[in-house]
Colleague: 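Before I ask anything, let me first share the structure, which is written out below as structure tokens.
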Amino acid sequence: MNQYETVFILNPVLSDEQIKETVKKYEDILVSNGAKMISKEDWGLKKLAYAIQHKKSGFYHLFEYQVPGEAINALEVEYRRDERVMRYLTVRLDKHAIAWAEKRRTRNKQKA
């Protein structure tokens with residue numbers, strides 16, 4: 001199983017409830033495909049560098065997980081179908097990125 005990190009941006013006009021539903025939907029898709037969730041981060045509403053779909057901000061979320069490579073296709077098809085998702089990026093982490101992600105998680109826990 002490979003380790004992946006996915007960042008996705010949700011439409012800023014969504015309510016808190018709709019955001020929670022959407023995040024839960026994608027977490028359930030991953031888990032149903034055999035993923036082991038390592039971390040989930042809600043980065044909140046952030047200003048975009050450029051307008052996407054005439055929107056200047058979006059709600060950012062990050063998932064870090066381990067899953068077989070075939071499951072990524074199913075996840076990305078769902079991202080493309082969902083009008084609530086403005087952009088997404090999935091990256092397979094190598095050993096250096098895994099170490100960096102772990103340092104980031106521990107640093108964030110210390111801040112909280």
Side-chain angles (χ1 to χ4, degrees):
M1 284 212 293
N2 295 321
Q3 190 159 329
Y4 293 92
E5 192 174 79
T6 299
V7 175
F8 56 99
I9 306 171
L10 298 176
N11 198 319
V13 299
L14 298 175
S15 69
D16 285 342
E17 189 61 37
Q18 289 171 317
I19 291 169
K20 288 177 186 171
E21 284 174 17
T22 305
V23 171
K24 178 83 171 108
K25 171 188 171 183
Y26 290 109
E27 183 180 354
D28 290 345
I29 289 170
L30 283 169
V31 170
S32 69
N33 283 311
K36 175 185 169 226
M37 297 300 287
I38 295 171
S39 105
K40 295 178 288 190
E41 295 179 22
D42 175 6
W43 293 348
L45 184 67
K46 297 210 177 274
K47 188 173 187 283
L48 302 173
Y50 55 90
I52 300 173
Q53 300 171 358
H54 305 292
K55 309 282 190 300
K56 296 186 187 295
S57 61
F59 290 102
Y60 282 69
H61 286 273
L62 173 114
F63 286 163
E64 189 178 337
Y65 50 93
Q66 289 180 334
V67 70
E70 306 83 50
I72 299 300
N73 244 1
L75 177 68
E76 291 190 347
V77 165
E78 287 299 319
Y79 281 136
R80 284 192 285 272
R81 288 181 179 164
D82 195 341
E83 72 274 354
R84 298 173 292 192
V85 177
M86 294 171 27
R87 287 283 192 278
Y88 65 90
L89 179 66
T90 301
V91 179
R92 187 173 70 87
L93 302 177
D94 62 5
K95 64 181 180 180
H96 305 292
I98 291 170
W100 184 87
E102 192 160 319
K103 279 197 322 198
R104 186 191 75 235
R105 281 195 310 271
T106 56
R107 186 178 64 230
N108 288 345
K109 283 181 185 174
Q110 290 172 352
K111 285 182 182 179

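All values below were derived from every heavy atom in this structure, side-chain atoms included, with hydrogens, water molecules and symmetry-related copies excluded.
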Colleague: Using 0.5 Å steps for rounding, measure from the NZ atom of Lys109 to the OG atom of Ser39.
Modeller: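 Spacing of NZ (Lys109) from OG (Ser39) equals 8.5 Å.
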Colleague: As an exercise, state the distance from CG of Leu30 to CG of Leu75, rounded to the nearest 0.5 Å.
Modeller: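 So the gap between those two atoms works out to 5.0 Å.
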Colleague: Shortest non-hydrogen contact from Pro68 to Gly34?
Modeller: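 Heavy-atom minimum between the residues: CD-O, 4.3 Å.
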Colleague: Thinking salt bridges, do Arg104 and Glu41 make one under a 4.0 Å N-O criterion?
Modeller: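 Looking at Arg104 and Glu41, the cut-off is met.
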Colleague: Is the closest side-chain heavy-atom distance between Glu78 and Lys25 below 4.5 Å?
Modeller: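 When only atoms from C-beta onward are counted, Lys25 and Glu78 do touch, with a gap below 4.5 Å.
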Colleague: Would you sort out whether Lys40 and Glu64 count as a salt bridge (charged side-chain N to carboxylate O under 4.0 Å, His left out), showing the intermediate values?
Modeller: CA-CA 6 Å; Lys40 295 178 288 190; Glu64 189 178 337; over 6 Å; no
Colleague: Do you know the tightest heavy-atom contact between Met86 and Ser57?
Modeller: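 Closest heavy-atom pair between Met86 and Ser57: CE-O, 3.8 Å.
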Colleague: Table please: side-chain donor-acceptor pairs of residues 91-102 below 3.5 Å, with sequence neighbours left out.
Modeller:
{"residue": "Asp94", "atom": "OD1", "partner": "His96", "partner atom": "N", "Å": "3.3"}
{"residue": "Asp94", "atom": "OD1", "partner": "Ala97", "partner atom": "N", "Å": "2.8"}

Colleague: Assess, by modelled atom type and distance only, whether the side chains of Thr90 and Glu5 contain a donor and an acceptor separated by less than 3.5 Å.
Modeller: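 No pair is found: no donor N or O on one side chain lies under 3.5 Å from an acceptor on the other.
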Colleague: Just verifying a value: how many Å separate Thr6 OG1 and His61 NE2, rounded to the nearest 0.5 Å?
Modeller: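 Between Thr6 OG1 and His61 NE2, I get 13.0 Å after rounding to 0.5 Å.
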Colleague: Any chance NZ of Lys46 has more than 12 other-residue heavy atoms, nucleotides or ligands included, within less than 6.0 Å?
Modeller: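 Open.
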Colleague: Show your working on side-chain contact (heavy atoms from CB on, under 4.5 Å) between Arg105 and Ile38 and close with a plain yes or no.
Modeller: CA-CA 10 Å; Arg105 281 195 310 271; Ile38 295 171; 3.8 Å; yes
Colleague: Are Tyr65 and Gln3 close enough that some pair of their side-chain heavy atoms sits under 4.5 Å apart?
Modeller: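 Side-chain contact under 4.5 Å: no.
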Colleague: Can you label the angle between the Phe8 ring and the Phe63 ring as parallel, tilted or perpendicular, going by 30° and 60°?
Modeller: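 Perpendicular, since the angle between the ring planes exceeds 60°.
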Colleague: Compare all side-chain heavy atoms of Ile9 with those of Leu48 and state whether any distance is below 4.5 angstrom.
Modeller: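 Answer yes - side chains close enough.
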Colleague: Flag the pair Lys55 / Asn11 as yes when at least one side-chain heavy-atom distance between them is below 4.5 Å, and no otherwise.
Modeller: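 Yes. Closest side-chain heavy atoms under 4.5 Å.
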Colleague: With a 6.0 Å cut-off (strictly less than), is the heavy-atom count around NZ of Lys56, excluding the residue itself, greater than 12?
Modeller: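 No.
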Colleague: Please determine whether residues Val23 and Val7 belong to a single hydrophobic cluster, defined as Ile, Leu, Val, Met, Phe, Trp and Tyr linked transitively by side-chain heavy-atom distances below 4.5 Å.
Modeller: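 Different clusters: Val23 never reaches Val7 through Ile, Leu, Val, Met, Phe, Trp or Tyr contacts under 4.5 Å.
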Colleague: Is Tyr4 close to Val67 at the side-chain level, that is, under 4.5 Å between some pair of heavy atoms?
Modeller: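 Yes, at least one pair of side-chain atoms sits under 4.5 Å.
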Colleague: Consider only side-chain N and O atoms of Thr22 and Arg84, and report whether a donor and an acceptor are under 3.5 Å apart.
Modeller: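 Indeed, the side chains of Thr22 and Arg84 share at least one donor-acceptor pair under 3.5 Å.
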Colleague: When you measure from the side chain of Gln110 to the backbone N and O of Arg107, does any donor-acceptor pair fall under 3.5 Å?
Modeller: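 Side chain of Gln110 to backbone of Arg107: no pair is present.
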Colleague: Applying the 4.5 Å side-chain criterion to the ILVMFWY set and letting contacts propagate, would Ile29 and Leu10 be lumped into a single cluster?
Modeller: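 Yes; tracing contacts between hydrophobic side chains, which count when under 4.5 Å, links both residues.
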Colleague: Are Ile72 and Val85 grouped together when hydrophobic residues (ILVMFWY) are joined by side-chain heavy atoms under 4.5 angstrom apart?
Modeller: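 Yes, because Ile72 and Val85 connect within a single hydrophobic cluster, where side-chain heavy atoms sit under 4.5 Å apart.
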Colleague: Side chains of Asp82 and Tyr26: do they bring a donor and an acceptor to under 3.5 Å?
Modeller: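 Yes.
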Colleague: Determine whether the side chains of Arg87 and Tyr79 contain a donor N or O and an acceptor N or O closer than 3.5 Å.
Modeller: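 Checked: Arg87/Tyr79 side chains show no N/O donor-acceptor pair below 3.5 Å.
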Colleague: Is Met37 reachable from Tyr60 through a run of hydrophobic residues whose side-chain heavy atoms are each under 4.5 Å from the next?
Modeller: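 No, separate clusters.
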Colleague: Yes or no on salt bridge (charged side-chain N to carboxylate O under 4.0 Å, His left out) for Asp16 and Lys20, after CA distance, side-chain angles and deciding distance?
Modeller: CA-CA 6 Å; Asp16 285 342; Lys20 288 177 186 171; over 6 Å; no
